Amino acid sequence: MTVSSDGPATPSDGTTTPVTAGPRTQLLAILACAELSAVERLAEDATAAPSLADKVAVLSFARVQLDHYQLLADQIVADGVDPIVAMEPFSGPLAEFHAHTTPRTWEERMIKIYVGDALAADLYTELSSVLPAPLAELIRTVADDSDQREFARARVVAAVDAEPQLSGRLALWARRLVGEALSQAQRIVSDNDHLAELLTGTEESTGLDLAATAEMFTRLIQRHNERMAKVGLRP
């Protein structure tokens, strides 16, 4: 094993020494797992694109998400933890969420990007407010999906303008996405003590009390409702 003054201890073969993931590493791991899942999902979305231009755009978003994953994985390695091992506890809940929210049409895929991904980004940004500056800045960086969100918004608006009867079905789909997303987020936090500690306060974060947590979720729903209004759908 070798030890570097500017990085984690590593065995001589270059692999990362197994280390128990603490609160910071668990947060990085859930975000990394989500970004990796987004890469896979966007690649699938691209196969349903109605035009070559749309396919190229969606694949470019997948590349951005892969870059975000790498930023997070690098930080997990810097913590002395294998990213694959760190992500393992979160892969199941994320896979379950996507299994329960498999889109059937291009328009539903766009709603999932516009509503589901935006809700996750809002949550990450909210969490960054209680974290130390370097970690908070990294989270805000990987949460920035404004380009793909605008792309999805424009496609949803165009679809509803062309077929107004779609609005009801897409609104129901959006509500289902939000419900599933919040349910899985609660499960992930409740099943991982370190994440719960990070939210309520540790040496690495100021934490959120119950009132602040309730206010945070109120803000998340308000932003969701505003996004729905922008595409002419009822929340």
Side-chain angles (χ1 to χ4, degrees), residues 8 15-46 58-59 61-103 109 112-128 130-131 134-145 148-149 177-199 202 204-205 216 220:
T15 58
T16 305
T17 304
V19 176
T20 301
R24 163 193 154 92
T25 306
Q26 281 202 348
L27 179 59
L28 292 171
I30 179 60
L31 298 181
C33 197
E35 293 298 305
L36 198 59
S37 177
V39 174
E40 183 178 18
R41 180 171 49 80
L42 287 166
E44 292 175 356
D45 290 344
V58 173
L59 288 175
F61 300 142
R63 182 180 61 189
V64 171
Q65 300 291 356
L66 186 59
D67 289 343
H68 288 170
Y69 162 77
Q70 194 59 58
L71 287 173
L72 294 160
D74 288 347
Q75 286 298 309
I76 295 171
V77 170
D79 287 348
V81 181
D82 182 337
I84 302 302
V85 173
M87 291 189 297
E88 192 64 38
F90 309 111
S91 62
L94 283 171
E96 185 176 334
F97 167 71
H98 291 302
H100 289 169
T101 57
T102 302
R109 291 175 187 274
K112 192 167 182 178
I113 292 174
Y114 182 65
V115 170
D117 291 0
L119 181 66
D122 284 347
L123 176 59
Y124 302 159
T125 301
E126 287 281 353
L127 294 179
S128 73
V130 299
L131 299 172
L135 181 56
E137 183 57 34
L138 173 61
I139 290 176
R140 285 192 290 269
T141 296
V142 301
D144 183 7
D145 62 354
Q148 71 182 47
R149 191 183 310 173
L177 287 170
V178 171
E180 288 283 353
L182 293 178
S183 175
Q184 288 300 328
Q186 291 172 343
R187 173 187 166 186
I188 288 172
V189 172
S190 65
D191 287 350
N192 294 273
D193 292 341
H194 284 319
L195 281 179
E197 291 171 8
L198 196 66
L199 292 179
T202 68
E204 297 181 75
S205 72
M216 178 187 74
L220 292 176

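Quantities reported herein were computed from a predicted structural model and do not represent experimental measurements. All residue numbers refer to positions in the sequence shown, counting from 1.
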Donor-acceptor check, side chain of Asp82 to backbone of Ile84, threshold 3.5 angstrom: yes or no? yes
Which atoms form the tightest heavy-atom contact between Val39 and Ala62, and what is the distance? CG2-O, 3.6 Å
Please round to the nearest 0.5 Å and tell me the distance separating atom OG1 of Thr102 and atom CZ of Phe97. 9.5 Å
For residues Ala118 and Arg149, report the shortest heavy-atom separation together with the two atoms involved. CB-NE, 3.5 Å
Reference residue His98; test side chain to side chain donor-acceptor pair (under 3.5 Å); the match among Glu44, Glu40, Lys112: Lys112
Taking C-beta and beyond as the side chain, do Ile139 and Leu135 meet within less than 4.5 Å on heavy atoms? yes
Checking side chain to side chain donor-acceptor pair (under 3.5 Å) against Gln65, which of Gln148, Arg41, Gln70 comes through? Gln148
For the student: nearest non-hydrogen atoms of Ala143 and Ala121, plus distance: O-CB, 3.3 Å
In Val77, Leu31, Ile30, the residue satisfying side-chain contact (heavy atoms from CB on, under 4.5 Å) with Leu72 is Leu31
So which heavy atom on Ala29 is nearest to which on Met87, and how close? O-CG, 3.5 Å
Got a second to check how far Ile76's CD1 is from Tyr69's OH, nearest 0.5 Å? 7.0 Å
Is the backbone of Gly179 close enough, under 3.5 Å, to the side chain of Ser183 for a donor and an acceptor to pair up by distance? no
Nearest-0.5 Å distance that lies between atom CG in Asp79 and atom CG in Leu28: 6.0 Å
Quick note, salt bridge (charged side-chain N to carboxylate O under 4.0 Å, His left out) partners involving residues 68-77, not counting sequence neighbours, are none
Distance check, rounded to the nearest 0.5 Å: Leu42 atom CG versus Glu35 atom CD? 9.5 Å
Charged N to carboxylate O below 4.0 Å: is that the case for Arg140 and Glu137? yes
Distance from Asp145 atom CG to Asp122 atom CG, nearest 0.5 Å? 8.5 Å
Looking at every non-hydrogen atom in both residues, tell me the closest pair between Ala86 and Thr25 and how far apart they are. CB-CG2, 4.5 Å
For Ala73 and Pro83, work out which heavy atoms get closest and say how close. O-CG, 3.7 Å
Would the distance check show the side chain of Ser37 and the main-chain N or O of Cys33 forming a donor-acceptor pair, the cut-off being under 3.5 Å? no
If you measure from CG on Leu177 to CD1 on Ile113, what distance do you get to the nearest 0.5 Å? 11.0 Å
